[in-house]
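Below, read A as the first sequence line, B as the second, and so on, with proteins coming before strands; counting in each chain starts at 1. Every heavy atom of this structure was used, including side-chain atoms; hydrogens, water molecules and symmetry mates were not.
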2 protein chains.
Amino acid sequence: MLNAPVYTSASLKAELNEKGWRLTPQREVILTVFQNLPEGRHLSAEDLYALLEEQGEGISLSTIYRTLKLMSRMGILRELELAEGHKHYEINQPHPHHHHHLICVRCSKTIEFKSDPILKIGTKAAQKEGYHLLDCQLSIHAVCPTCQRSLLV
Amino acid sequence: MLNAPVYTSASLKAELNEKGWRLTPQREVILTVFQNLPEGRHLSAEDLYALLEEQGEGISLSTIYRTLKLMSRMGILRELELAEGHKHYEINQPHPHHHHHLICVRCSKTIEFKSDPILKIGTKAAQKEGYHLLDCQLSIHAVCPTCQRSLLV
DNA sequence: CCTCAACTGAATATTACTGTCAATAAGGCG
DNA sequence: CGCCTTATTGACAGTAATATTCAGTTGAGG
Ligand SMILES: [Mn+2]
Ligand SMILES: [Mn+2]
Ligand SMILES: [Zn+2]
Ligand SMILES: [Zn+2]
């Protein structure tokens, strides 16, 4: 199954240190933000920057970009293509919370849905090729009912 | 099932004209390139630009970007995130050729695989929400065997 | 044919993201 | 507990993919 444990401050530190990296206050704060994000909420780098600014925990954009990339490559976060021009991120949750996205290519309205079979198929495909699984996401690109009605293309 | 017909020059023209758009030589050439691309080959905007340059059918980068976007939003092409920093494109094939991608997040080595169940699940999910399906792609982010061995993170 | 709006290409602009570098602070170790 | 090494941060500057603008062109309907 998807290797996506629930991270605590301690387990994050352990995993970072194992690779010669460090746990910094910034990384801890960013992980916490994503862990407390309500279901269905996705953040861009700028979103996260603004949100932290509000909370008085200002972190530089450089660090935000670096951390998002790092945590995605560690499998802690998922990198999503929900809108044109920039990425969105969410926490990478294990089995019962793992989900996929149905996205309107016109207005970016996104609906989440779950599917155990897909997770199984993805896990098996990675296994078969000897790849170490980080994330597995079905992206359905489509046109939402509202945008179908609006005649604009 | 996925609404991804095999396009001829005539059917492409019909679909464009229906929306008040036009069939241009540039669009025709670009469609042909993707239709003749071997399985497993994916092109970036720059790749396509260079390839056309070689063939003596130079098309401006502006037009290439515009056409790739247009055809993706029409469901003729698929937009893929196979590497960092730029998108790749391939023709959006119907059922027996439809496939997914297993991608190494370190070196971008990509393996394609097919899955009927996934296509069915995606179709159903879109239907249920009244979305008009364009494309449905499982992206598996993982670390390939070679990159697992190289200790670099 | 004729008209007109969609399209192209060249040049320019935008902006998400990356690289650089000096200052700082984790974390291993004695 | 300090010390030392080096990963990390933040400010700033830089890059590159992609979008936009606009004047000239051309497809398509009548
Ligand atoms: Mn989500
Ligand atoms: Mn492919
Ligand atoms: Zn929409
Ligand atoms: Zn690899």
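Under a cut-off of 6.0 angstrom, the local environment of NZ in A/Lys128 is sparse, with at most 12 non-hydrogen atoms contributed by other residues, nucleotides or ligands. In this structure, A/Lys114 places its NZ atom where more than 12 heavy-atom neighbours from other residues, nucleotides or ligands lie under 6.0 Å away.
A donor-acceptor pair under 3.5 Å is absent between the side-chain atoms of A/Ser11 and the main chain of A/Tyr7, judged by distance alone.
Looking at the side chain of A/Ser62, the nearest of the listed nucleotides D/dC12, D/dA19, C/dA10 is D/dC12. Closest to the A/Gln26 side chain, of the nucleotides C/dG9, D/dG10, C/dC17, is D/dG10.
Following rounding to the nearest Å, B/Glu28 (CD) and D/dG27 (P) show an atom-to-atom distance of 10 Å. Atom-to-atom, NZ of B/Lys87 to P of C/dA16 comes out at 12 Å; the value is rounded to the nearest Å. Look at CG on A/Leu48: it is 15 Å from C1' on C/dA16, rounded to the nearest Å. The separation between B/Leu70 atom CG and D/dA19 atom C1' is 15 Å, rounded to whole Å. Summarising the geometry, the separation between NE2 on B/His86 and C1' on C/dC17 is reported as 15 Å, rounded to the nearest angstrom. The nearest whole Å value for the distance from the CG atom in A/Asp47 to the P atom in C/dA16 is 11 Å. Whole-Å rounding puts the A/Glu18 CD to D/dA7 P distance at 16 Å. As rounded to whole Å, 10 Å separates atom P of C/dC17 from atom CD of B/Glu81.
Contact annotation: B/Lys69 side-chain N/O to D/dA19 OP1/OP2 distance is under 4.0 Å. Under 4.0 angstrom from either OP1 or OP2 of C/dC17 there lies at least one side-chain N or O belonging to A/Tyr65.
Taking for each of B/Glu84 and B/Ile64 the nucleotide of DNA chain C with the nearest heavy atom, the 5'-most of the two is the partner of B/Ile64. Each of B/Thr63 and B/Gly20 lies near DNA chain C, and the nucleotide nearest B/Gly20 is the one positioned closer to the 5' end.
B/Gln148 and A/His132 are not linked by any side-chain donor-acceptor pair at a separation below 3.5 angstrom, with hydrogens and angles left out of the test.
Ring centers of B/His88 and B/His86: under 6.0 Å apart, within the cut-off.
Within 4.0 Å of A/Leu61, counting heavy atoms only, lies no atom of the nucleic acid at all.
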- request: Scan nucleotides 21-30 of chain C nucleotide by nucleotide, 5' to 3', and note B when protein non-hydrogen atoms come under 4.0 Å of the base, S if they reach only the sugar-phosphate, - if neither.
  value: ----BBS---
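Under the rule for a side-chain contact (heavy atoms from CB on, under 4.5 Å), the partners of B/Ser115 that lie at least two apart in sequence or sit in another chain are A/Ile121, B/His100, B/Pro117, B/Ile118.
Under the ring-ring contact (aromatic ring centres under 6.0 Å, His included) criterion, the residue pairs touching residues 42-65 of chain B are B/His42-B/His101, with sequence neighbours excluded.
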